[in-house]
Chemist: 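Starting off with a structure, shown below.
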Amino acid sequence: MYKYSIFETKYGNMGAVASEKGLHMIILPKKKPEEVKKELEQYYTELIRDEEGLKGIGGRMREYLDGKKVKFREKMDLAGATDFELKVWDATLGIPYGETRSYAWVAKQIGEGKGVRAVGGALGRNRLPIIIPCHRVVSKEGDLGGFSAGIEMKVLLLKIEGALLC
DNA sequence: ATGCGAAGATGGA
DNA sequence: TCCATCTTCGCAT
């Protein structure tokens, strides 16, 4: 059973889902609340709305989007992830606010120097964008690389953190 | 400077 | 089993 909350931010309506163990998924901003709901129903069958229990994360998310250096210390429910994914996400968590690293850097951190593409794959499967700063991982030589939720969102997040000049 | 091929992990068809 | 996915590096052109 999962609890969820849909909240309004300056960039649109976001969603947060949590189990008893912790945060399970974050839905990046969408135009309408219904779109968030629809996406949630696509992944979960048992959902209960719980604005009260999740208003903490909602509030911190709003502060983050306002450009504050928010520290997300939420508990995370990473059930279902493979060893490799856990290592990738852990290394990504270590990238400081406002800075970026390359996929190769992440691969090196976890001792998988040749698994750069696998790193990209694992980040793409990340259910907790922003909390796990997958947007801080970019391609080498200034290229941004990709982003499953849309490259525009990656650009937006990096601009918010001031990691992108323009 | 640009194009091509190959290498890793994982999930879906 | 094959294909696509948030990449990078070496080699040839």
Side-chain angles (χ1 to χ4, degrees), chain A residues 1-2 4 9-19 21-31 35-47 57 60-61 64-65 67 69-72 74 76-166:
Chain A
M1 179 53 78
Y2 293 95
Y4 77 97
T9 73
K10 61 192 293 190
Y11 297 110
N13 295 277
M14 295 186 64
V17 180
S19 68
K21 295 185 190 164
L23 266 187
H24 197 260
M25 167 153 56
I26 292 292
I27 303 291
L28 262 0
K30 300 205 179 300
K31 207 83 176 176
E35 296 178 68
V36 178
K37 185 79 192 300
K38 196 172 165 190
E39 176 140 356
L40 288 176
E41 289 170 342
Q42 192 175 323
Y43 294 107
Y44 304 91
T45 51
E46 293 188 286
L47 283 171
I57 180 64
R60 275 191 289 288
M61 201 56 82
Y64 170 85
L65 294 174
K69 284 193 188 181
V70 180
K71 286 239 178 187
F72 291 104
E74 328 295 324
M76 299 183 273
D77 179 359
L78 269 15
T82 62
D83 259 14
F84 184 82
E85 290 171 334
L86 290 178
K87 280 192 286 184
V88 170
W89 297 343
D90 196 49
T92 303
L93 245 9
I95 304 174
Y97 182 99
E99 294 185 28
T100 60
R101 295 288 185 278
S102 70
Y103 292 93
W105 180 89
V106 175
K108 195 174 179 185
Q109 293 305 299
I110 62 179
E112 298 275 353
K114 39 190 162 63
V116 283
R117 283 166 304 158
V119 168
L123 288 176
R125 255 170 274 124
N126 167 28
R127 299 194 296 277
L128 300 168
I130 298 184
I131 311 244
I132 292 178
C134 46
H135 56 282
R136 291 185 196 141
V137 185
V138 298
S139 219
K140 277 199 154 183
E141 302 303 325
D143 280 326
L144 279 180
F147 202 61
S148 63
I151 196 64
E152 305 78 18
M153 191 54 64
K154 187 170 190 172
V155 170
L156 173 62
L157 294 173
L158 289 174
K159 280 185 181 172
I160 290 174
E161 298 193 359
L164 220 49
L165 296 315
C166 155

Chemist: Under a 4.0 Å N-O cut-off, is there an ion pair linking K31(A) with E35(A)?
Modeler: no
Chemist: Is the distance between the ring centroids of Y4(A) and H24(A) under 6.0 Å?
Modeler: no
Chemist: Over all strands shown, is G124(A) touching base, sugar-phosphate only, or nothing at heavy-atom distances under 4.0 angstrom?
Modeler: base
Chemist: Toss me the dot-bracket line for DNA chain B: Watson-Crick and G-U wobble, both under 3.5 Å, 5' to 3', using | for pairs to another strand and [ ] for crossers.
Modeler: |||||||.|||||
Chemist: Quickly work out the L28(A) CG to dC6(C) P distance and round it to whole Å.
Modeler: 14 Å
Chemist: Which nucleotides of nucleotides 6-13 of chain B have their base under 4.0 Å from a protein heavy atom (B), which only their sugar-phosphate (S), and which neither (-), written as one string 5' to 3'?
Modeler: -BBSSS--
Chemist: Would you find more than 12 non-hydrogen atoms of other residues, nucleotides or ligands less than 6.0 Å from K30(A) atom NZ?
Modeler: yes
Chemist: Figure out the CG/C1' separation between L158(A) and dC6(C), and round it to whole Å.
Modeler: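 That distance rounds to 12 Å.
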Chemist: How far apart are the C-alpha atoms of L123(A) and Y103(A), what are their side-chain angles, what is the distance that settles it, and do they pass the side chain to side chain contact (heavy atoms under 4.5 Å, CB included) test?
Modeler: CA-CA 10 Å; L123(A) 288 176; Y103(A) 292 93; 3.8 Å; yes
Chemist: Output yes when a side-chain donor or acceptor of R136(A) lies under 3.5 Å from a complementary backbone atom of I95(A), and no otherwise.
Modeler: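 Yes; at least one donor-acceptor contact below 3.5 Å.
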Chemist: Testing E74(A), R127(A), M14(A) one by one against I26(A) for a side-chain contact (heavy atoms from CB on, under 4.5 Å), which residue passes?
Modeler: M14(A)
Chemist: Quick check on dT5(C): is either OP1 or OP2 less than 4.0 Å from any side-chain nitrogen or oxygen of S148(A)?
Modeler: no
Chemist: When the distance from CG of L123(A) to P of dC6(C) is rounded to whole Å, what number comes out?
Modeler: 10 Å
Chemist: For the atom pair NZ (K87(A)) and OG1 (T92(A)), what is the distance rounded to the nearest 0.5 Å?
Modeler: 13.0 Å
Chemist: Using the C1' atom as the reference point in each nucleotide, state the distance between dT2(B) and dC6(C) in Å, no decimals.
Modeler: 23 Å
Chemist: When you measure from the side chain of N126(A) to the backbone of L128(A), do you find a donor-acceptor pair of N or O atoms at a distance under 3.5 Å?
Modeler: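 The answer is yes, because a donor-acceptor pair under 3.5 Å joins these two groups.
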Chemist: How far does CG of L157(A) sit from OH of Y64(A), to the nearest 0.5 angstrom?
Modeler: 5.0 Å
Chemist: Report the distance from atom CZ of F147(A) to atom P of dT7(C), rounded to the nearest whole Å.
Modeler: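 It is 12 Å, rounded to the nearest whole Å.
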Chemist: Tell me if a side-chain donor or acceptor on W105(A) pairs with a main-chain N or O of V137(A) at a distance below 3.5 Å.
Modeler: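 No, W105(A) side chain to V137(A) backbone: no donor-acceptor pair under 3.5 Å.
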Chemist: Between protein and nucleotides 9-11 of chain C, what N or O pairs are separated by less than 3.5 Å?
Modeler:
unit_1: dC9(C); atom_1: OP1; unit_2: K140(A); atom_2: NZ; d: 2.7
unit_1: dC9(C); atom_1: OP2; unit_2: K140(A); atom_2: NZ; d: 3.3

Chemist: Using a strict 4.0 Å threshold on nitrogen-to-oxygen distance, state whether E85(A) and R125(A) make a salt bridge.
Modeler: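 Yes, this pair counts.
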Chemist: Between atom CG in D143(A) and atom P in dA1(B), what is the gap in whole Å?
Modeler: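 Spelled out: CG on D143(A) to P on dA1(B) is 13 Å.
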